[in-house]
Amino acid sequence: MYWGRTGSGGSQSKGLTMSWCLSKVSAALLRGSVRTQQACGSLSTRRWISSDSRSPEHLDGLIKKEKVVVFIKGTPAQPMCGFSNAVVQILRMHGVHEYAAYNVLEDQDLRTGIKNYSNWPTIPQVYFNGEFVGGCDILLQMHQNGDLVEELNKLGIRSALLDAEPSQEKK
């Protein structure tokens with residue numbers, strides 16, 4: 001297999017772009033904003049593989065593999081985009097550790113195919129029980145308004161946030 005980097009700029013500019021994305025998403029999380037739809041720059045990795053990654057049957061199989069499935073840039077251990085990192089962090093905060101994660105940077109056909117499959121133009125993409133939920137902005141909004149706890153409960157997953165001690169309010 002052939003592995004190679006695509007995109008312009010050296011590793012320094014890619015690092016700066018990723019830092020910028022992480023900063024923007026972190027700031028949005030801290031201030032409670034859901035306006036996090038800006039692109040993550042030109043960070044990408046390319047891998048030559050067969051074209052069946054785009055087939056609806058193949059994608060159906062991937063999406064229905066686990067209760068929670070995410071298509072992200074990078075891996076949960078090393079997200080390559082701030083929005084993918086935000087999705088991983090939100091799932092982690094809720095105690096969701098068992099889920100299928102697919103790195104779209106390793107497979108351009110998968111990246112294109114999942115966007116066509118869901119009719120959603122961006123990555124990351126989140127699926128619960130084979131149903132498309134949305135991207136980072138939707139998951140963040142669900143987290144902020146409490147809907148994510150309910151949706152996880154429907155999947156038989158108890159949110160770790162329910163077990164967290166309530167914070168002390170200032171008097």
Side-chain angles (χ1 to χ4, degrees), residues 17-45 53-162 164:
T17 301
M18 190 165 90
S19 295
W20 179 83
C21 281
L22 290 171
S23 296
K24 289 292 184 185
V25 171
S26 297
L29 284 169
L30 290 173
R31 70 175 179 266
S33 170
V34 294
R35 297 181 323 162
T36 57
Q37 293 190 18
Q38 296 170 327
C40 284
S42 62
L43 301 171
S44 62
T45 302
S53 297
R54 290 185 186 195
S55 76
E57 297 80 16
H58 177 73
L59 294 169
D60 274 338
L62 295 179
I63 289 165
K64 294 175 181 171
K65 190 173 188 169
E66 299 285 337
K67 291 178 183 179
V68 178
V69 176
V70 296
F71 293 85
I72 60 176
K73 294 178 182 178
T75 64
Q78 189 173 14
M80 298 299 292
C81 167
F83 301 115
S84 294
N85 185 47
V87 165
V88 169
Q89 293 303 321
I90 290 168
L91 291 174
R92 194 171 289 152
M93 284 192 321
H94 285 270
V96 180
H97 300 290
E98 292 186 29
Y99 58 91
Y102 298 96
N103 181 359
V104 300
L105 297 179
E106 289 183 348
D107 185 342
Q108 288 300 110
D109 287 336
L110 178 62
R111 185 177 186 170
T112 302
I114 197 63
K115 289 178 181 183
N116 292 335
Y117 181 90
S118 64
N119 197 27
W120 189 261
T122 59
I123 301 294
Q125 293 189 14
V126 180
Y127 292 79
F128 290 166
N129 268 350
E131 296 292 322
F132 179 62
V133 174
C136 175
D137 54 341
I138 303 297
L139 196 67
L140 178 58
Q141 186 175 25
M142 291 173 69
H143 165 69
Q144 290 172 338
N145 67 20
D147 289 346
L148 185 54
V149 171
E150 293 175 29
E151 290 302 315
L152 291 173
N153 190 45
K154 290 177 187 176
L155 300 174
I157 300 171
R158 180 174 171 81
S159 172
L161 295 182
L162 294 174

N/O donor-acceptor pair under 3.5 Å between S84 side chain and P79 backbone: no

Pairs satisfying side-chain hydrogen bond (donor to acceptor under 3.5 Å, both in side chains), at least one member in residues 123-133, at least two apart: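 The answer is S118-Q125, Q125-Y127.
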
Considering only heavy atoms from C-beta outward, does the side chain of [X] approach that of [Y] to under 4.5 Å?
X	Y	value
L110	L59	yes
Y117	I63	yes
I114	W120	no
V149	L162	yes
R111	K73	yes
V88	Y99	yes
R54	T112	yes

Worked check of side-chain contact (heavy atoms from CB on, under 4.5 Å) between F83 and T122: CA-CA 10 Å; F83 301 115; T122 59; over 6 Å; no

Go through F128 and V68 one step at a time and tell me if the side-chain contact (heavy atoms from CB on, under 4.5 Å) criterion holds. CA-CA 5 Å; F128 290 166; V68 178; 3.9 Å; yes

Within this structure, what is the CG-CD1 distance for the pair L148 and I138, rounded to the nearest 0.5 Å? 12.0 Å

For the atom pair CD (E150) and CG (N145), what is the distance rounded to the nearest 0.5 Å? 8.5 Å

Check against side-chain contact (heavy atoms from CB on, under 4.5 Å), V126 and L91: CA-CA 10 Å; V126 180; L91 291 174; 5.6 Å; no

May I have the step-by-step check of side-chain contact (heavy atoms from CB on, under 4.5 Å) for V104 and K115, ending in yes or no? CA-CA 10 Å; V104 300; K115 289 178 181 183; over 6 Å; no

Which of these passes side chain to side chain contact (heavy atoms under 4.5 Å, CB included) with I72: P124, C81, C136?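 The option that passes is P124.
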
Which side-chain N or O atoms in residues 153-160 pair as donor and acceptor under 3.5 Å with protein atoms at least two apart or in another chain?
| unit_1 | atom_1 | unit_2 | atom_2 | d |
| --- | --- | --- | --- | --- |
| K154 | NZ | E151 | OE2 | 3.0 |
| R158 | NE | D163 | OD1 | 3.1 |
| R158 | NH2 | D163 | OD1 | 2.9 |
| S159 | OG | H94 | ND1 | 2.7 |
| S159 | OG | L161 | N | 3.1 |

